[in-house]
Each structure stands twice: as structure tokens, then as C-alpha cells.
Amino acid sequence: MTEVREMGRSYMKAAGAASAALAEHNRKNMQLFGASALRSFEYLTGLARAKTGMDAIELSGAHCRNQLNAIGDFTDGLVDLARKMRSICIVPSEREGA
């Protein structure tokens, strides 16, 4: 019976840690989404102010690089979340054996 209670505590602790990791991941994603939206508005403003086609091309290239960097940030966040979840959810026997 004591072993079952200990397992229950372990699972509850892991569930709490997983919830906290997901909440942190979601918070970071919301910040990234906000920053990406702001960059898109800045891009549209820049396009409206562009005087030549070359200005528009340069601005579009810079915006594309910014968006690719944002995708990289989202990917980094997913990798970080996956690592955290693995360390949270790994069974104690595997932890001890590693």
C-alpha cells in the first residue's frame, strides 16, 4: 500500500511539473506570436512607404529572414519542451540506470 501511495505522489509531482513546463512553453509562444505579428505590421508599413521596387525587395528579404528566425525560435521552444517532458516523465528506474 505504501508503494502505491509513493507511486501516486510521484505521478502527481510529475503531472505538476509537466503542467508548469507546458504553461511556460505557452507563455513563451504567446510572446513569440506577438513579436511576429508586430514584425508583420512593421513590414506592411515599410512596404507602404517603399519608394522603389528595390526597396520593397530588400524589405521583403529582411522580413523573410525575420520570419525564418521566428520559426527557428518556435522550433527551439518545442525541442526544449520535449527535453523537459522527457526528464519529467522518465520512470525512476530509468533515471537510476542512466
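One-based numbering along the sequence shown. Every heavy atom of this structure was used, including side-chain atoms; hydrogens, water molecules and symmetry mates were not.
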Minimum heavy-atom distance between Q67 and S36, given as atom pair plus value = NE2-OG, 3.3 Å
query = Which distance, rounded to the nearest 0.5 Å, do you find between the CD of E42 and the CG of N66?
reply = 8.5 Å
ask   = Where is the tightest heavy-atom contact between A56 and A50, given as atom of each residue plus distance?
value = N-CB, 4.0 Å
R27 and E24 ion-paired at < 4.0 Å = yes
inquiry  = Restricting to side chain to side chain contact (heavy atoms under 4.5 Å, CB included), what partner residues turn up for R49, sequence neighbours left out?
reply    = T45
request  = List for me each residue that meets side chain to side chain contact (heavy atoms under 4.5 Å, CB included) alongside T52, sequence neighbours excluded, and say none if there are none.
outcome  = M54, D55
task = Measure the spacing between CG of D73 and CG of L68 and express it to the nearest 0.5 Å.
result = 11.0 Å
ask   = So, for A21 and L81, which heavy atoms are closest and what is the spacing to 0.1 Å?
value = O-CD1, 3.9 Å
ask   = What about L44 and L38, same hydrophobic cluster or not, with Ile/Leu/Val/Met/Phe/Trp/Tyr joined at side-chain heavy-atom distances under 4.5 Å?
value = no
note = With sequence neighbours left out, the residues meeting side chain to side chain contact (heavy atoms under 4.5 Å, CB included) with S19 are none
request  = Can you sort out the partners of S60 under side chain to side chain donor-acceptor pair (under 3.5 Å), two or more places apart, ordered by chain and number?
outcome  = Y43
task = First locate atom CG of N29, then atom CG of L22, and finally report the distance between them rounded to the nearest 0.5 Å.
result = 10.5 Å
request  = To the nearest 0.5 Å, tell me how far E6 CD sits from Y11 OH.
outcome  = 11.5 Å
query = Among all residues two or more places apart in sequence or in another chain, which pass the salt bridge (charged side-chain N to carboxylate O under 4.0 Å, His left out) test with R65?
reply = none
inquiry  = I need the D76 CG to K28 NZ distance, nearest 0.5 Å.
reply    = 10.5 Å
inquiry  = Can you list everything that forms a salt bridge (charged side-chain N to carboxylate O under 4.0 Å, His left out) with D80? Sequence neighbours excluded, please.
reply    = K84
request  = Give, for atom CD of E58 and atom NE2 of H63, the distance between the pair rounded to the nearest 0.5 Å.
outcome  = 15.5 Å
